Amino acid sequence: MNITTEFPYETTREDVYIPLPGGTRLYARIWRPLTDEPVPALLEYLPYRLGDWTAPRDWQRHPWYAGHGYASVRVDVRGHGNSEGLPGDEYDAQELSDGVAVIHWLAQQEWCSGRVGMFGISWGGFNSLQIAALAPEPLKAIVTVCSADDRYDNDVHYMGGSVLAVDMHAWAATMLAFVSRPPDPSQAGDDWKELWLKRLEAIEPFSHTWLAHQSRDDYWKHGSVCEDYGAIKANVLAVGGWHDPYRDTVLRLVEHLDPGQVRGIIGPWSHQYPDRGLPPGPAIGFLQETLRWWDQHLKNKETGVMREPLLRSWISGSHPPATVYETLPGRWVGDASWPSENVSPVAYALQGGARIVASPQQTGLDAGRFFPFGNDADLPPDQRDEDAKSVSFEFPVEEAPIEILGRPRVKLRIRMDVPRGQAIARLCDVAPDGSSTLVTRGVLNLAARHGRDRTDDWTPGETEDVTFDLNGIGHTFPPGHRIRLAVSSSYWPWIWPQAGSAGFTLDADGSFVELPVRRHTEDPSITFGEPEQSEPLGVVYPVTLEEPRPERLVVRDVAKGEWRLEVDPRYGGTRVYPDGLEFTEDALETYTIQQDDPLSARTRSDWRIRLHRPEMSWDVEIETRSEIAADDNDFITSDEVICKDGGEVVFHRTWEKRIPRTAG
């Protein structure tokens, strides 16, 4: 990592409140170059609190952009951080309308040239796309990283029409804790507590809404830019990582947007900006690459960025299974169109006649983290144990390596004797020593086989062909290895078990897996600079003598036949900021299931957060608990929030709700 201290421009920073129509003000931090010439503005807009939670990350990039001639602006969404107003649902109409108003406000400032870009990762990448689809006139370009064009089938809620237990629960619980945090009196002033209590009264757990919409209805269509790609007028640089669950968005954007307005990059990365150097690498000079994008589209400089291939992808070399990789082997390739002329579908027929697929309910414990962040236990370990709980088919790689790029597809001929069930397909790279590395996977709720927007029970005893895609990937299978397709009927805790699911019979002779095989090319002209950032904020992470608990711990109760997975998401722990703020957070997610009972599935998330300013005698604590269970008919949710100011409880509320199981 190169830390840059000298820039073309000296810079200044100020914190301001941006007024919205109606009088609500959003808290913003603006880094600007010291120049008499108006400059374009870059906006990053999300709810994760610029005053503390994202501050270390913000300092890596916003001052860097300012030093290169842009006003770089970080804004907290309404009802979060020190922004006024009440919090709403994710990406709701109010959030997007506020974002459009912020863009117009920026364009009207005397220091702005009137041209605005927008960027972000995850939430900020989502709303960059969604606001671009609203086409505010000043917005000329965006950089969207690890984001989704389809809120239903490519987000944290559902996968293949199935409820994502792991992040439907975990992210709803995380947001309940996040939205319960107070404004900071050092910025919000004496009214901080009044603002806090008003927010707390407005809270509704996200899980209530997300579980109430189990099919792809109008709720999910809102904000899903795949409904109308043509609505996007801004130039789009779409970026993803093969270890991020949202990477298929990049493939769809380069396919559906005008080639004259879009470019895509997919690297080996997790759910992180590609310059941060977090596993897996290699990291790239991402800020320099985005500067080329901004200069081209906001300053009308010819940077050559539109002469790059439409899609630049990392093709990973074969690698042994591990839960973390500092750097993956592989190379960059370029494709001038998508679908690419370099990629051809190749079908591999399954063989072996009728096979019963009836996986134990704990199948999936070795799935790894849904959102890898670069931690030591994020990625899937050796898949041999998972493969043994599945029905597997193998295809030897003989004389030449087989490279794939894109989304594999399976067609499965299934007979099922119950109305509901689900099929999970995993593609693995099996080495000569027998070790099995997960390459990619896909899921289908069999009730969604005719469309994610409908629910069709299976006629017991009937046989049907079902087809579904696996997540996109770039990977090389070398000679001497085997390509393994493993099919299971359960995948806990990623996928919530279907009530009454008893597996299915797979007719292998009527089934196949189709791989997107890419012709080998060498593309030495595709290069990126070394990662470069501005000086870090200087956050201190106190050293503790306590032994950290495991990131992922699996516990088996042999007598009860119960399995428990405990996950420490490791978002940040304790840190002390240069302005004196002491911020502590601790979270533990727990997933339990009995190996023979789909109705035994339980999730729980516990959060504790403390914000402390010793010089102001300000000391607040937040504790939250979130649980989900299910019976034959309903999801059963339970949530609790306890907030303290100086040790005194100022807010305590619980929610208990039953939500009918429809598609889920």
Side-chain angles (χ1 to χ4, degrees), residues 89-92 122-123 126 148 150-179 203-217 219-220 222-224 244-246 271 361 364-365 367-372 420 422 424 441-445 447-448 452 455 471 490-499 501 565 567 569 587-593 598-607 624-631 633-639 655-664:
D89 193 10
E90 59 177 6
Y91 325 122
D92 63 13
S122 198
W123 194 306
F126 273 72
D150 186 340
R151 292 186 56 222
Y152 178 75
D153 215 30
N154 194 199
D155 199 354
V156 299
H157 318 100
Y158 294 87
M159 185 176 185
S162 289
V163 175
L164 263 173
V166 67
D167 259 61
M168 171 75 80
H169 157 78
W171 195 244
T174 299
M175 286 307 300
L176 182 63
F178 279 14
V179 77
I203 289 174
E204 182 74 16
F206 280 4
S207 57
H208 295 176
T209 303
W210 297 345
L211 283 171
H213 299 272
Q214 292 169 36
S215 294
R216 194 177 185 279
D217 58 13
Y219 172 79
W220 299 113
H222 164 78
S224 292
D244 177 73
Y246 298 154
H271 194 71
Q361 296 299 323
L365 287 174
R369 186 172 181 171
F370 184 74
F371 272 122
R420 297 289 179 94
Q422 44 216 0
I424 298 89
R441 58 197 141 195
V443 175
L444 179 64
N445 176 353
R452 305 294 192 265
T455 301
N471 293 125
S490 57
Y491 205 55
W492 176 260
W494 274 43
I495 303 300
W496 201 279
Q498 290 277 8
S501 174
L565 172 65
V567 179
L588 182 65
E589 302 164 12
T590 306
Y591 305 89
T592 60
I593 200 163
L599 294 181
S600 65
R602 299 287 187 276
T603 65
R604 175 168 175 147
S605 177
D606 294 276
W607 273 83
T624 66
R625 171 192 55 82
S626 299
E627 298 180 72
I628 303 178
D631 59 22
N633 301 311
D634 299 315
F635 286 103
I636 305 161
T637 68
S638 176
D639 296 273
W655 296 261
E656 307 285 341
K657 194 173 183 68
R658 299 182 74 96
I659 302 168
R661 299 186 75 165
T662 54

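Remember, predicted model here, so these are calculated numbers, not experimental data. Count residues from 1 along the sequence.
Looking at every heavy atom in both residues, I495 comes nearest to S162 through CG2-CB, 3.6 Å. Closest approach of P497 and Q422 over heavy atoms only: CA-NE2, 3.6 Å. Heavy-atom minimum distance, T603 versus A165: CG2-O, 4.4 Å. Looking at every heavy atom in both residues, V443 comes nearest to M159 through CG1-O, 3.7 Å. The minimum heavy-atom distance between Y158 and H213, with the atom names listed, is OH-O, 3.1 Å. The shortest heavy-atom contact between N445 and G161 is ND2-O, 2.9 Å.
When only modelled atom types and interatomic distance are considered, S638 and E656 share a side-chain donor-acceptor pair under 3.5 Å. Using a 3.5 Å distance cut-off with no hydrogens or angles, the side chains of R602 and T590 do not pair a donor with an acceptor. For the residue pair S122/H271, the side-chain donor-acceptor check at 3.5 Å is satisfied. No donor-acceptor contact under 3.5 angstrom links the side chains of D155 and Y91, judged on distance only.
Between D89 atom CG and W210 atom CH2 the span is 7.5 Å, to the nearest 0.5 Å. To the nearest 0.5 Å, atoms CH2 (W492) and OG (S600) are separated by 8.0 Å. To the nearest 0.5 angstrom, S501 atom OG is 6.5 Å from Q361 atom CD. We find the CG-CD1 distance between N633 and I659 to be 14.0 Å, quoted to the nearest 0.5 Å. Rounding to the nearest 0.5 Å places CZ of F126 at 7.0 Å from CG of N154. The CG atom of L365 sits 10.0 Å away from atom OH of Y491, with the distance rounded to the nearest 0.5 Å.
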Check: So R452 and D150, salt bridge (Lys or Arg N to Asp or Glu O under 4.0 Å) or not? Walk me through it.
Finding: CA-CA 12 Å; R452 305 294 192 265; D150 186 340; over 6 Å; no
Next item on the list: Kindly determine whether D631 and R658 satisfy salt bridge (Lys or Arg N to Asp or Glu O under 4.0 Å), including the steps that lead there.
Entry: CA-CA 10 Å; D631 59 22; R658 299 182 74 96; 2.4 Å; yes
Margin query: Please determine whether side-chain contact (heavy atoms from CB on, under 4.5 Å) holds for the pair F371 and Y246, giving the CA-CA distance in whole Å, both sets of side-chain angles, and the decisive distance to 0.1 Å.
Written below: CA-CA 9 Å; F371 272 122; Y246 298 154; 3.0 Å; yes
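When atom types are taken as modelled, the side chain of R151 and the backbone of Y219 share a donor-acceptor pair closer than 3.5 angstrom. Side-chain N or O atoms of R369 include none that pairs as donor or acceptor with a backbone N or O of P372 at under 3.5 Å. With W494 contributing its side chain and G368 its backbone, the two residues share a donor-acceptor pair below 3.5 Å. For the pair S605 (side chain) and A170 (backbone), a donor-acceptor distance under 3.5 Å is absent. No side-chain donor-acceptor contact under 3.5 Å links E589 to the backbone of V567.
Only one option out of I628, V163, L211 pairs with H169 in a side-chain contact (heavy atoms from CB on, under 4.5 Å); it is I628. Evaluated for a ring pair (Phe, Tyr, Trp, His ring centres under 6.0 Å) with H157, the options Y152, W496, W220 yield exactly one hit, W220. Exactly one residue among V166, V156, L164, L176 makes a side-chain contact (heavy atoms from CB on, under 4.5 Å) with W171. That residue is V156.
A heavy-atom distance below 4.5 Å is not found between the side chains of T209 and E90. Residues Q214 and F635 meet the side-chain proximity criterion, which asks for heavy atoms closer than 4.5 Å.
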